[in-house]
Amino acid sequence: MTAALALGDDALVLSHRLGEWAGHAPVLEEEVALANIALDLLGQARVLLSLVGDEDELAYLREERAFRNVQLVEQPNGDFAHTIARQLYFSTYQRLLYEQLATGESPFAGLAAKAVKEVAYHQDHAERWTLRLGDGTAESHERMQRGVVALWRFTGELFQPVEGVEIDWRSLNSGWLESVTAVLQQATLTVPAGPQFGAWTAGAGRQGIHTEPFGRMIAEMQHLHRSHPGASW
Amino acid sequence: MVTETLLEEELHRLAGSVPDPELPVLTLDELGVLRGVDVVAPGKVTVRLTPTYTGCPAIEAMSVDIERVLHDHGIPEVSVVTVLSPAWSTNDISAEGRRKLAEFGIAPPRPHNATAPAGGPVPLTLSVRCPHCGSTDTELLSRFSSTACKALRRCVTCREPFDHFKEL
């Protein structure tokens with residue numbers, strides 16, 4: 001099940017990254033919001049990975065090259081604006097993807113119909129923050145712009161068709177571009193120039209090629225389980 | 001759905017009367033998460049449960065509680081399965097459930113069009129009423145609160161913060 005693995009790993013890895021904000025978010029409400037979003041994603045990951053095999057084995061005992069998530073979700077949190085840029089790109093993608101899957105006959109239809117309602121809140125959260133930071137102070141504007149630009153090259157990979165995900169990828173891409181462009185413009189931010197695809201862009205996560213920070217992330221995610229096999233409390 | 005037998009009806013009532021582990025004022029039936037009880041063989045029962053949110057950790061506590069209640073009622077073999085489809089919506093919370101939420105200090109979700117294609121944060125015109133003083137002059141502090149299913153609001157009139165069971 002390449003498809004369940006790809007979608008499940010996206011949710012699992014982003015969930016872990018968002019969890020890293022616990023204890024570090026700028027305000028208490030954001031601490032709670034990011035943890036809530038992480039929990040939604042973890043729930044989705046559990047359903048998706050369970051379609052493939054044992055969820056714990058898949059999460060904790062696979063090597064880096066066996067993960068099929070896009071490189072966007074494994075990128076380090078950076079500052080808060082950087083995380084919001086990643087959330088904006090990913091939640092917009094995931095909402096449009098689930099919307100399409102929810103209406104189809106795929107094995108993901110049930111989950112997608114449920115999760116799309118959760119993801120709508122994630123997208124709303126990311127859009128509101130993009131507007132506040134982009135159209136905020138000079139400092140917040142600059143940081144938001146920096147995040148938006150830095151992560152742009154990872155967005156092309158979102159629209160590489162995944163085997164077993166029967167959706168219209170072209171309309172997913174155009175819908176995404178339209179939605180993200182509208183938010184960035186309203187936030188007085190510049191939509192990054194350059195194509196999403198091409199030689200200079202990143203992205204082979206779906207083939208198991210990951211960026212350097214991912215190795216360190218899964219080392220932390222997996223070390224407890226690997227150090228104490230079968231432990232429970 | 002096939003018609004429930006008398007025994008299934010009784011077991012449904014028992015399982016449905018289990019309190020929600022996070023919101024103990026509500027029963028699972030009032031929350032609308034109990035989808036059905038099937039007697040698959042003598043002494044063997046399957047309970048279908050749907051989560052409010054996909055990642056809701058309370059589902060495990062609910063399952064344990066349901067198993068305990070049905071065991072106590074003489075059913076030796078109980079398995080609780082999670083079903084996702086059709087997706088749960090806050091419209092599934094009963095009128096009695098809404099009344100209890102407000103009494104408990106949590107603003108109940110407003111009825112909404114759950115068949116809207118996207119779901120989620122639909123723009124709503126009805127204001128959220130403060131469960132403490134009844135004022136409709138309240139403001140949103142955060143879409144995310146103590147649990148995934150709640151948002152955090154503040155009453156402008158009495159200044160008290162309160163949880164709002166957000167529409168899904």
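Proteins get letters first, then strands, A, B, ... in listed order; numbering begins at 1 in each. Everything quoted here is computed from the prediction, not taken from an experiment.
- Between F144(B) and H125(A), the ring planes are perpendicular. Angles over 60° get that label, and only those under 30° would be called parallel.
- Residues of residues 79-92 of chain A never come closer than 4.5 Å to chain B when only heavy atoms are counted.
- The side-chain hydrogen bond (donor to acceptor under 3.5 Å, both in side chains) search around R99(B) returns E96(B), E103(B), not counting sequence neighbours.
- Your options are S146(B), S145(B), P57(B), C56(B), and the one with the most heavy-atom pairs under 4.5 Å with chain A is S145(B).
- Heavy atoms from other residues, nucleotides or ligands lying under 6.0 Å from CZ of R170(A) number 12 at most.
- Interface check for chain B: of the options Q123(A), H122(A), R128(A), R46(A), the most heavy-atom pairs under 4.5 Å are formed by R128(A).
- Between the side chain of K114(A) and the main chain of T52(B), a donor-acceptor pair closer than 3.5 Å is present.
- With a 4.5 angstrom heavy-atom cutoff, L42(A) does not touch chain B via any of its atoms.
- For CD of E163(A), the number of neighbouring non-hydrogen atoms (other residues, nucleotides, ligands) closer than 6.0 Å is 12 at most.
- Contacts of T50(B) with chain A are absent, with no heavy-atom separation under 4.5 Å from either backbone or side chain.
- Among residues 12-33 of chain A, the residues having any heavy atom closer than 4.5 Å to a heavy atom of chain B are, in sequence order, E29(A), V32(A), A33(A).
- Among residues 65-85 of chain B, the residues having any heavy atom closer than 4.5 Å to a heavy atom of chain A are, in sequence order, L84(B), S85(B).
- Enclosure of atom CD in E10(B) by more than 12 non-hydrogen atoms of other residues, nucleotides or ligands within 6.0 angstrom is indicated.
- For chain A, the nearby parts of T54(B) are the backbone and the side chain; heavy atoms of each come within less than 4.5 Å.
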